[in-house]
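Working notes, structure below.
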Amino acid sequence: MLEKKFDASKLWNQIVHFYIDKKGLSKEHANEIAERVIKKETLRRTCQNLSCGHLNIKHIRNSEHCLVETCSCTKFIKPKFSN
């Protein structure tokens, strides 16, 4: 299944409003949390191939060949997160 285009500003607003309205955190703290989440989500959606670096939406079926004409990437490489 294809993912929708990543809208960082929409996600940022949803996170900030959730933490302010539902959790009662300060605007500054909510923005810090949103920044961390957006960075992680952007990294997750970016090809880790050193010659590529394009978002997954620029790859066929979000995993195979890159759609950017000048890019030679043939496989979307996912980041490895350590917990």
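The figures that follow rest on heavy atoms only: side chains count, while hydrogens, waters and symmetry mates do not.
Put simply, the side chain of Ser72 reaches to within 4.5 Å of the side chain of Ser51, judged on heavy atoms. Here the side chains of Trp12 and Asn31 are in contact, with some heavy-atom distance below 4.5 Å. Residues Phe6 and Thr42 form a side-chain contact, since some pair of their non-hydrogen atoms from C-beta on lies under 4.5 Å apart.
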Handout entry: CA sep, side-chain torsions, deciding dist, call: Lys75, Asn49, side-chain contact (heavy atoms from CB on, under 4.5 Å)
Key = CA-CA 8 Å; Lys75 181 80 173 140; Asn49 184 337; over 6 Å; no

Exercise for the section: Dump the intermediate steps for side-chain contact (heavy atoms from CB on, under 4.5 Å) on Leu43 and Lys39, then the final yes or no. Expected result: CA-CA 6 Å; Leu43 179 63; Lys39 281 182 182 179; over 6 Å; no

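Residues Val68 and Ile60 are members of separate hydrophobic clusters, defined by side-chain heavy-atom contacts under 4.5 angstrom among Ile, Leu, Val, Met, Phe, Trp and Tyr.
To the nearest 0.5 angstrom, Gln48 atom CD is 10.0 Å from Lys80 atom NZ. Taking NE2 from His59 and SG from Cys71, the interatomic distance works out to 6.0 Å, rounded to the nearest 0.5 Å. The CG atom of Asn56 sits 13.5 Å away from atom CD1 of Ile77, with the distance rounded to the nearest 0.5 Å. Separation of atoms CZ (Arg36) and CD1 (Ile38) is listed at 12.0 Å; rounding is to 0.5 Å. One distance of note links CD of Glu64 with SG of Cys73; it measures 11.0 Å at 0.5 Å rounding. How far NZ of Lys23 is from CZ of Phe18: 4.5 Å, rounded to the nearest 0.5 Å.
The two atoms that bring Ile33 and Leu25 nearest to each other are CD1-CD1, 3.8 Å, heavy atoms only. Counting all heavy atoms, side chain and backbone alike, Ile20 lies closest to Lys27 at CD1-CA, 3.9 Å. Between Leu55 and Phe76, the shortest heavy-atom contact is C-CE1, 4.3 Å.
For Ser26, the side chain to side chain donor-acceptor pair (under 3.5 Å) test picks out no residue, with sequence neighbours left out.
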